[in-house]
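These numbers were taken from a predicted model, which means no experiment stands behind them.
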2 protein chains.
Amino acid sequence: MPNPSRAFQVLAEPNRRRIVEHLRPGERSVGTLVSELGISQPGVSRHLRILHRAGFVRVRADGQRRLYSLRREPFRDLEAWIHDYQDLVEARLDRLEELVTSEGAEPPKQGRRR
Amino acid sequence: MPNPSRAFQVLAEPNRRRIVEHLRPGERSVGTLVSELGISQPGVSRHLRILHRAGFVRVRADGQRRLYSLRREPFRDLEAWIHDYQDLVEARLDRLEELVTSEGAEPPKQGRRR
DNA sequence: CGTTTATATAAACTCAGGCTTATCCTTCGG
DNA sequence: CCGAAGGATAAGCCTGAGTTTATATAAACG
């Protein structure tokens with residue numbers, strides 16, 4: 001329940017995050033998103049369905065078109081989950097590692113201790 | 001760079017989130033995680049590498065074992081990204097849709113406009 | 001009604017990424 | 001030194017999920 005599994009999976013898809021970002025200003029029709037994002041229409045529809053099932057968007061019918069807009073709830077849940085990781089006891093640890101962490105290259109290989 | 005793409009992708013993996021949750025209390029060796037989570041040792045190592053590359057964890061050598069612990073930065077970034085979605089102009093919209101949204105069934109189908 | 005527009009759905013293909021198995025490297029214990 | 005423990009890495013397999021292409025549904029329009 002407080003499990004954001006679905007949410008992370010849904011937002012892991014780049015095009016879905018793009019859709020979400022394009023919905024932030026307000027509701028959009030499928031066709032609008034298609035031309036704005038350059039994704040195929042079936043692609044947009046499928047992504048919207050996934051977003052809808054996960055509760056990220058609502059739909060509203062307007063004639064033959066469907067207007068999608070964002071919901072807030074899943075974002076709240078996500079933020080709640082993440083918030084629990086803000087109080088980690090790191091500190092100077094980060095400082096130290098920033099001096100050593102060179103990403104991918106560990107030349108010195110300094111093993112010490114014990 | 002304030003782009004949480006990588007972060008979402010990394011946390012989309014269920015076992016990686018489990019690892020993260022098991023690291024929350026404090027640092028753990030690879031072997032500890034293996035027995036706690038029931039994931040194969042190569043699996044844990046690979047997930048940890050991915051988490052490391054994405055900045056979620058740091059490593060510390062202790063003899064022949066490696067102690068992993070959480071970093072806070074990526075969580076901060078994530079929270080920042082999500083936070084921008086908290087001010088959506090929804091309101092009674094949610095109320096309404098909760099009455100209608102029956103998942104898959106759209107009975108009324110009221111078309112209007114243009 | 002017939003056609004066009006807007007969207008959804010289905011089927012087939014493709015590929016990234018996770019899992020398994022096997023092997024290597026390093027460190028510790030005698 | 002030698003063997004074993006702790007991890008990392010590589011190779012190959014396999015499934016999930018996204019894309020494409022084609023078609024179905026539904027509403028607007030004449």
- Message: Need to verify one output field. Residue with the more 5' nearest nucleotide on DNA chain D, B:R65 or A:S40?
- Response: B:R65
- Message: For A:E13 and B:L67, find the nucleotide of DNA chain D closest to each by heavy atoms; which residue's nucleotide sits nearer the 5' end?
- Response: B:L67
Length of the line joining [X]:[atom1] and [N]:[atom2], which is rounded to integer Å:
X     : N      : atom1 : atom2 : answer
A:F8  : D:dA17 : CZ    : P     : 17 Å
A:L48 : C:dA8  : CG    : P     : 7 Å
B:I50 : C:dA16 : CD1   : P     : 15 Å
A:N15 : D:dA17 : CG    : P     : 16 Å
A:D62 : D:dA26 : CG    : P     : 18 Å
A:R60 : C:dT7  : CZ    : P     : 13 Å
A:I39 : D:dT19 : CD1   : C1'   : 11 Å
B:L37 : D:dG7  : CG    : P     : 13 Å

Which nucleotide, [options], lies nearest any side-chain atom of [X]?
X     : options              : result
A:Q64 : C:dA22, D:dG7, C:dT5 : C:dT5
B:Q9  : C:dG17, C:dT9, D:dG7 : C:dG17
A:Q41 : D:dA8, C:dT7, D:dT9  : C:dT7

Short side-chain N/O contact from [X] to OP1 or OP2 of [N], under 4.0 Å:
X     : N      : answer
B:S45 : D:dT9  : no
A:Y68 : C:dA6  : no
B:R46 : D:dA10 : no
A:H47 : D:dT19 : yes

- Answer yes or no on whether B:R24 is positioned over the face of A:Y85, meaning its NZ or CZ is under 6.0 Å from the six-membered ring centre and within 45° of the axis. yes
- Item | A:R17 NZ/CZ over B:F8 ring centroid, <6.0 Å and within 45° of normal | no
- Task: I would like to know whether A:E36 and A:R28 meet salt bridge (Lys or Arg N to Asp or Glu O under 4.0 Å); could you show each step before the answer?
- Result: CA-CA 10 Å; A:E36 284 182 353; A:R28 297 246 186 268; 3.4 Å; yes
- Message: Would a single hydrophobic cluster contain both B:I19 and B:L67, if residues Ile, Leu, Val, Met, Phe, Trp and Tyr are joined by side-chain heavy-atom contacts under 4.5 Å?
- Response: no
- Query: Can any side-chain N or O of A:R60 pair as donor or acceptor with the backbone N or O of A:R66 at less than 3.5 Å?
  - Reply: no
